[in-house]
Number of protein chains: 2
Amino acid sequence: MKEDRDLMQRLKPCAMDQILMYLAFSALKTGGHRHGAFLDAAATAAKCAIYSTYMEEEQNLRRTGRLHHLEPKRVKVIVKEIDQALAEGKLLKMLGSQEPEYLIQFPYVWLEQHPWQAGAPRIVGTHLTPREKSEIERDLPDELPPARLINSIQLMELIEFLHSRSQEALPLPKREPLSEPLLDHIRDRLIYSRTVERIDISRGLPLYVLLKTSYSPESREERVFSMIEDTASYFRLLNAWVDRAPHTFRALETLDVPADQVEEALNELDKLLRAWADKYHCEGSPTLLLQLAAGLK
Amino acid sequence: MKEDRDLMQRLKPCAMDQILMYLAFSALKTGGHRHGAFLDAAATAAKCAIYSTYMEEEQNLRRTGRLHHLEPKRVKVIVKEIDQALAEGKLLKMLGSQEPEYLIQFPYVWLEQHPWQAGAPRIVGTHLTPREKSEIERDLPDELPPARLINSIQLMELIEFLHSRSQEALPLPKREPLSEPLLDHIRDRLIYSRTVERIDISRGLPLYVLLKTSYSPESREERVFSMIEDTASYFRLLNAWVDRAPHTFRALETLDVPADQVEEALNELDKLLRAWADKYHCEGSPTLLLQLAAGLK
DNA sequence: GCGTGGCATTAAGCCCCTCAA
DNA sequence: TTGAGGGGCTTAATGCCACGC
């Protein structure tokens with residue numbers, strides 16, 4: 001996190017580049033999206049802009065190409081792609097959610113395929129001695145989800161299962177096999193996010209434990225989630241404000257506040273907002289959305 | 001604009017994809033950045049995320065590659081690139097500003113190279129008859145910047161000049177010649193943004209007029225500028241809030257307000273904010289930044 | 001485990017050209 | 001001027017393998 005902010009400060013990116021960087025950090029580092037997935041998503045967003053220009057410019061391939069500096073041929077392919085997405089529901093290469101599906105779904109599939117009942121052994125079907133098993137069980141963290149331990153082959157099978165399931169949505173020609181680098185990537189991501197943990201044993205395949213019932217439900221992750229949702233929503237509000245849509249409002253205040261009064265000021269602001277909202281709230285009327293963020297400059 | 005919102009509604013992108021789309025619309029359609037420039041900027045943002053992971057993961061190429069699903073070789077190239085940017089100030093491929101430099105600077109160069117003094121003819125050095133010239137001058141819009149009209153060759157030379165000047169910052173191997181498609185792109189962008197206008201004449205080269213003293217100073221464009229700046233800043237504030245930085249605050253309120261009271265409510269909110277800011281403002285203390293946006297859901 | 005090297009495929013960002021409607 | 005073809009070069013995303021540490 002600190003690394004990220006340092007990097008941003010040193011590179012001095014402009015506002016758009018900053019937004020891109022925050023997005024990249026969230027998608028790649030926090031969310032665990034593949035590098036290629038992020039590039040694809042950015043390319044798809046650009047395609048939407050091109051498609052939109054094409055429609056506004058009387059469906060003129062050459063002119064659209066000139067306005068955005070790409071080949072008319074390419075514009076045509078892009079327009080076709082978006083058209084198919086709109087008409088036939090073909091999937092565009094977007095991120096689709098905060099985290100990749102195969103990571104989100106992973107704990108559920110494990111819980112389903114390798115369930116564990118209280119009292120039963122967590123480790124089954126290995127060549128370990130009972131003594132070794134109980135030693136491992138003893139060293140397990142507390143409060144584990146009700147799932148058995150699995151070995152590295154079973155882990156691979158789980159990932160393979162999820163991968164093929166996530167590929168089902170794609171048309172046959174676009175499906176990609178689960179390559180070894182991709183498998184390693186997913187495994188490492190699961191470990192990195194502390195969704196699973198590896199237990200190396202002296203001989204034979206390493207074992208894996210499921211640590212959490214869902215991918216990344218830490219409190220920090222929840223805030224990251226809110227950050228992205230809020231920013232998208234804020235972007236949308238400002239977009240309406242740019243077009244002078246009725247009932248939109250934008251404010252930006254900078255004020256110097258003594259350090260020992262900041263908390264007090266923010267608390268009061270919170271109360272003011274609530275009182276204001278209470279005063280005007282009237283169930284069933286059109287819904288007004290208000291977003292606010294404050295912090296030291 | 002409407003086209004854009006329609007498209008977003010129909011594709012139902014997730015929050016991250018939404019942010020990318022708003023960015024793409026702003027960069028490509030409003031700002032006039034090249035398609036390739038946007039892709040490069042997104043790739044650069046991803047590179048920063050990868051670099052940051054590499055530093056956090058004890059400079060392990062293989063592990064960084066696995067965490068983000070790219071080849072260690074590629075990680076190495078990326079790390080080197082960012083390192084050079086940090087150490088030697090080498091330029092990364094970023095957007096760099098709301099609009100491309102060559103568009104922003106265009107009016108200034110025109111004004112400098114083809115200045116016009118009140119009373120003098122706007123059109124010089126063509127083979128037009130005095131009568132034709134005065135007819136054209138008569139039809140010109142009012143309130144033009146003090147610049148002479150130029151023909152298409154002179155326009156091309158201006159663009160060439162700007163292009164080569166913008167390439168000076170790049171190291172020799174990376175410089176790209178001004179291709180014809182690129183020239184056409186820049187010309188079309190200038191016309192599209194109503195910075196210049198073409199005047200076709202019956203025989204000979206078409207003429208061009210400079211319409212504005214600067215690229216895109218319309219009020220709408222100013223709001224777009226604020227939108228991007230605000231969003232980047234909001235993103236930063238929330239980023240601090242995610243890490244529970246002291247003195248950060250985030251609020252999100254939804255309330256139902258009767259349509260005929262919305263304006264009143266927003267006005268009151270505005271006053272509340274100002275009063276609150278006045279109350280706590282104390283010159284010379286640390287600066288607190290507060291951002292707020294509101295609108296119908 | 002790691003870094004490094006080679007080699008292959010495919011897509012796509014760029015450029016240039018021609019011809020018919 | 002536009003759409004529809006043709007051709008080209010180059011980068012880079014993604015994969016595989018192999019060597020030496």
Side-chain angles (χ1 to χ4, degrees), chain A residues 28 33-47 49-50 53-54 57-81 92-93 152 163 167 173-188 191 198 200 205-206, chain B residues 28 33-44 46-47 49-50 54 57-81 92-93 152 163 167 170 173-188 191 198 200 206:
Chain A
L28 300 186
H33 282 286
R34 294 182 313 103
H35 174 237
F38 180 75
L39 299 185
D40 284 342
T44 299
K47 287 175 186 179
I50 289 160
T53 295
Y54 177 72
E57 295 293 322
E58 293 142 354
Q59 317 211 343
N60 181 324
L61 292 174
R62 275 182 124 107
R63 176 155 170 77
T64 305
R66 281 199 308 273
L67 280 174
H68 294 311
H69 190 231
L70 35 46
E71 294 229 314
K73 264 182 283 197
R74 195 78 198 97
V75 176
K76 193 175 182 185
V77 172
I78 288 170
V79 167
K80 189 178 167 191
E81 193 179 333
L92 295 170
K93 287 189 177 175
S152 52
H163 179 262
Q167 295 277 307
K174 285 204 156 186
R175 295 194 190 171
E176 304 231 351
L178 178 62
S179 64
E180 206 180 317
L182 181 51
L183 199 152
D184 292 344
H185 162 68
I186 296 175
R187 180 175 36 69
D188 268 34
I191 297 171
R198 178 167 58 214
D200 287 309
L205 301 171
Chain B
L28 300 186
H33 282 286
R34 295 183 313 102
H35 174 238
F38 181 75
L39 299 185
D40 284 342
T44 299
K47 287 176 186 179
I50 289 160
Y54 177 73
E57 295 293 322
E58 292 140 354
Q59 318 211 344
N60 181 326
L61 292 174
R62 273 186 127 106
R63 176 156 171 75
T64 305
R66 280 199 310 273
L67 280 174
H68 294 312
H69 190 230
L70 35 48
E71 293 229 310
K73 264 178 286 197
R74 195 79 198 97
V75 176
K76 193 177 181 183
V77 173
I78 288 169
V79 167
K80 189 178 167 191
E81 194 180 331
L92 296 171
K93 287 188 177 177
S152 51
H163 179 262
Q167 295 277 308
L170 300 177
K174 286 204 156 185
R175 295 193 189 171
E176 305 230 350
L178 178 62
S179 65
E180 207 180 318
L182 182 52
L183 198 152
D184 291 344
H185 161 69
I186 297 175
R187 180 176 35 67
D188 268 33
I191 297 172
R198 177 167 58 214
D200 286 310

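Every chain is numbered from 1, with letters handed out A, B, ... down the list of sequences. Nothing here was measured: the structure is a model prediction, and the numbers come from that model.
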**Item:** Start and end of chain B contact along DNA chain C [non-hydrogen atoms, under 4.0 Å]
**Value:**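 Both ends considered, the range comes out as C/dC2 to C/dC16.
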
Looking at side-chain heavy atoms only, is the closest gap between [X] and [Y] below 4.5 Å?
{"X": "B/H163", "Y": "B/L182", "answer": "yes"}
{"X": "B/E57", "Y": "B/R62", "answer": "no"}
{"X": "A/K73", "Y": "A/V77", "answer": "no"}

**Item:** Other residues, nucleotides, ligands: >12 heavy atoms within 6.0 Å of A/E176 CD
**Value:** no

Nearest heavy-atom neighbours spanning [X] and [Y]:
{"X": "B/A43", "Y": "A/L39", "result": "CA-CD2, 3.7 Å"}
{"X": "A/I50", "Y": "A/L70", "result": "CD1-CD2, 3.5 Å"}
{"X": "A/T64", "Y": "A/Y54", "result": "OG1-CA, 3.3 Å"}
{"X": "A/A46", "Y": "B/F38", "result": "CB-CD2, 3.8 Å"}
{"X": "A/H185", "Y": "A/R34", "result": "NE2-CG, 3.6 Å"}
{"X": "A/L67", "Y": "B/D188", "result": "CD2-O, 4.0 Å"}

**Request:** Respond yes when some side-chain nitrogen or oxygen of A/S179 is under 4.0 Å from OP1 or OP2 of D/dG15, and no when none is.
**Result:** yes

**Asked** Does anything in residues 59-73 of chain A reach DNA chain D, meaning a heavy atom under 4.0 Å, and if so which residues?
**Response**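 The answer is A/Q59, A/N60, A/L61, A/R62, A/R66, A/K73.
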
**Prompt:** Does B/P181 or A/K93 map to a spot on DNA chain C nearer the 5' end, using the closest nucleotide for each?
**Reply:** A/K93

**Asked** So which one's nearest nucleotide on DNA chain C is more toward 5', B/E180 or B/L39?
**Response**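 The answer here is B/L39.
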
What is the distance from [atom1] of [X] to [atom2] of [N], rounded to the nearest Å?
{"X": "A/E57", "N": "D/dG3", "atom1": "CD", "atom2": "C1'", "answer": "17 Å"}
{"X": "A/K76", "N": "D/dT2", "atom1": "NZ", "atom2": "C1'", "answer": "12 Å"}
{"X": "B/D188", "N": "D/dT2", "atom1": "CG", "atom2": "C1'", "answer": "14 Å"}
{"X": "A/H163", "N": "D/dT14", "atom1": "NE2", "atom2": "C1'", "answer": "13 Å"}
{"X": "A/R74", "N": "D/dG3", "atom1": "CZ", "atom2": "P", "answer": "17 Å"}

**Prompt:** Between A/R187 and A/R198, is a side chain to side chain contact (heavy atoms under 4.5 Å, CB included) present by the stated rule, with each step listed?
**Reply:** CA-CA 10 Å; A/R187 180 175 36 69; A/R198 178 167 58 214; 4.3 Å; yes

**Request:** Take the C1' atoms of the five end pairs on each side of the helix from C/dG1-D/dC21 to C/dA21-D/dT1, get both axes, and report the angle to 10 degrees.
**Result:** 10°

